[in-house]
Amino acid sequence: MKSSRRLKNSIGENRLTHELTGADLPHIVVEPPGPHSRALAKELRAVESRNVTYVAPDWPVFLARGAGANLEDVDGNRYIDVSAAFAVAAVGHSNPRVVAAISGQAGILLHAMGDVHPSELKVALARELCALTPGDAEKRVLFGVSGADAVEAALKTAAVATERPGVICFEGAYHGLGYGALEVTDRDHFRRPFAGQLGGFSHRLPYPTVSNASESLASVERLLAGDQNQRIGALIVEPVQGRGGVREAPLDWLRSVRRLCSAYGAILIADEIYSGFGRTGRWFACDHAGIAPDLICVGKGMASGFPISACVGRADVMDRWPESDGEAIHTSTFLGHPTGCAAALASIAELRDRRLVERAASAETLVRELLEGLCRSKPVNVSGFRGRGLMWGVQCASAAVAANAVTGALRRGVIALPCGTKSDVIALSPPLVISDEQLRVAIGKLAESIA
Ligand SMILES: Cc1ncc(COP(=O)(O)O)c(C=O)c1O
């Protein structure tokens with residue numbers, strides 16, 4: 001996990017010369033963002049679309065290297081990353097096994113011809129995903145690059161399989177921002193500028209909670225049973241909403257939805273792009289409910305940092321796609337990218353060999369204890385926390401409290417992000433390799449950062 005490369009900045013000056021072990025504690029040498037980060041932010045603003053990177057006096061830092069649960073910025077500040085960089089670095093930043101797989105594969109065959117002349121690794125990864133994902137049925141895989149790709153592959157599969165375009169989705173959902181994914185993503189912020197260009201095939205219901213579960217099931221059934229004009233073919237749900245604020249669908253609700261979808265011939269799509277690959281202490285969040293969705297979308301932690309995603313589904317559903325006649329109906333240039341497949345296979349092997357899914361489950365007791373302490377010490381600004389495994393949300397009194405906590409944590413050497421439809425939740429989704437000591441220190445510093 002060690003990284004002791006000498007990094008040079010743009011003028012060739014050696015900066016980061018010490019070792020980064022991955023199990024390090026924060027070390028702040030200059031208040032973040034330091035001078036190099038600030039200079040880069042200024043340069044970036046001149047060349048990048050202004051809507052992308054948020055730039056303020058206290059944000060962002062520019063990252064130079066990572067190892068395990070650590071990130072280091074271009075000014076030499078070392079952080080504990082409790083975000084796993086958007087819940088991606090499941091087996092740790094720049095995990096040596098993943099890096100070796102990527103560089104080994106890149107040296108042999110960097111890119112192949114996804115839907116024409118693929119690499120053999122596509123077979124190996126597809127076989128692995130079919131075996132790992134919930135359900136014993138025979139399965140098939142459709143690869144993509146981003147999470148939104150996987151969601152759009154699932155939406156198209158459901159439309160092809162059922163010939164019914166309507167899709168039930170949920171408030172607070174985040175499924176990505178491509179036009180197909182955006183149609184089922186909730187949040188005006190993302191949708192309003194493009195409302196006139198969205199497909200209009202979604203039917204949005206409140207996200208289920210323990211208190212509204214039976215009402216929610218009745219609404220789902222009404223939509224599935226109802227109006228022929230609506231013609232609902234699928235229901236897409238995050239078993240645990242990630243960006244929506246770490247909200248968990250009740251397990252009984254998931255089981256009932258599974259039954260309803262089967263009864264009405266609708267396709268159940270589980271979006272596990274955030275929650276998959278061990279994050280909740282099981283390989284997939286659906287495993288807690290013991291259900292097998294018809295289609296499951298995976299990405300993020302699947303390859304721990306290389307962009308690759310997949311929609312994995314029951315063969316009888318997937319096989320409603322016609323056999324390719326040489327011109328695939330749904331494909332893309334980088335589909336089944338050999339280097340991405342190598343990264344995913346290495347990341348999955350690492351999860352398995354180092355028992356990191358079990359590690360995420362066993363970390364739950366400590367995180368719970370630490371967050372209980374945090375809540376007790378901040379009764380005004382923090383109202384509670386929720387989560388499982390290594391996927392947690394700390395509910396703040398307001399977006400301002402969460403934003404101040406996150407910038408305060410950065411100054412103290414902890415990288416965390418806000419989430420929730422009102423941005424009033426602090427997300428904790430660290431690499432699964434994070435140590436107990438790093439968890440204690442990071443949550444302690446987060447507590448210090450909450451006013
Ligand atoms: C549950 C879920 N689905 C889909 C996506 C979209 O993934 P991407 O940003 O890779 O397109 C995300 C991203 O945060 C996600 O959390």
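Both ligands and their constituent atoms are indexed starting at 1 by order of listing.
- Taking a distance limit of 4.0 Å, we find that atom 9 (O) of ligand 1 is approached by no protein heavy atom.
- Nearest protein heavy-atom neighbour of atom 6 (C) of ligand 1: G176 CA, 3.6 Å.
- With no hydrogens or angles considered, no side-chain donor-acceptor pair links Y274 and E238 at under 3.5 Å.
- Per-residue contacts place D271 under 4.0 angstrom from the following atoms of ligand 1 (heavy atoms of the residue considered): 1 (C), 2 (C), 3 (N), 4 (C).
- Polar contact check, V151 against ligand 1: no nitrogen or oxygen pair lies under 3.5 Å apart.
- Here the protein heavy atom with the shortest distance to atom 14 (O) of ligand 1 is K300 NZ, 3.0 Å.
- In this structure H330 satisfies the ring pair (Phe, Tyr, Trp, His ring centres under 6.0 Å) test with no other residue, sequence neighbours excluded.
- Heavy-atom proximity to atom 2 (C) of ligand 1, evaluated over Y274, F86, Y174, is greatest for Y174.
- With sequence neighbours excluded, the residues satisfying side chain to side chain donor-acceptor pair (under 3.5 Å) with K139 are T133.
- Against a heavy-atom cut-off of under 4.0 Å, E238 is close to the following atoms of ligand 1: 1 (C).
- At a threshold of 4.0 Å, the pair E128-R352 counts as salt-bridged, since one of the basic side-chain nitrogens sits closer than that to a carboxylate oxygen.
- Counting only N and O atoms by type, the side chains of E350 and S347 include no donor and acceptor under 3.5 Å apart.
- In the vicinity of A148, heavy-atom distances shorter than 4.0 Å reach the ligand 1 atoms 6 (C), 7 (O), 8 (P), 11 (O).
- Residue contact check: R243 has heavy atoms under 4.0 Å from atoms 14 (O) of ligand 1.
- The pair D319-R314 does not meet the salt-bridge criterion, since no charged nitrogen lies less than 4.0 angstrom from a carboxylate oxygen.
- Counting only distance, with no hydrogens or angles, the side chain of E364 and the backbone of L390 share no donor-acceptor pair below 3.5 Å.
- The protein atom (non-hydrogen) at minimum distance from atom 7 (O) of ligand 1 is G147 CA, 3.3 Å.
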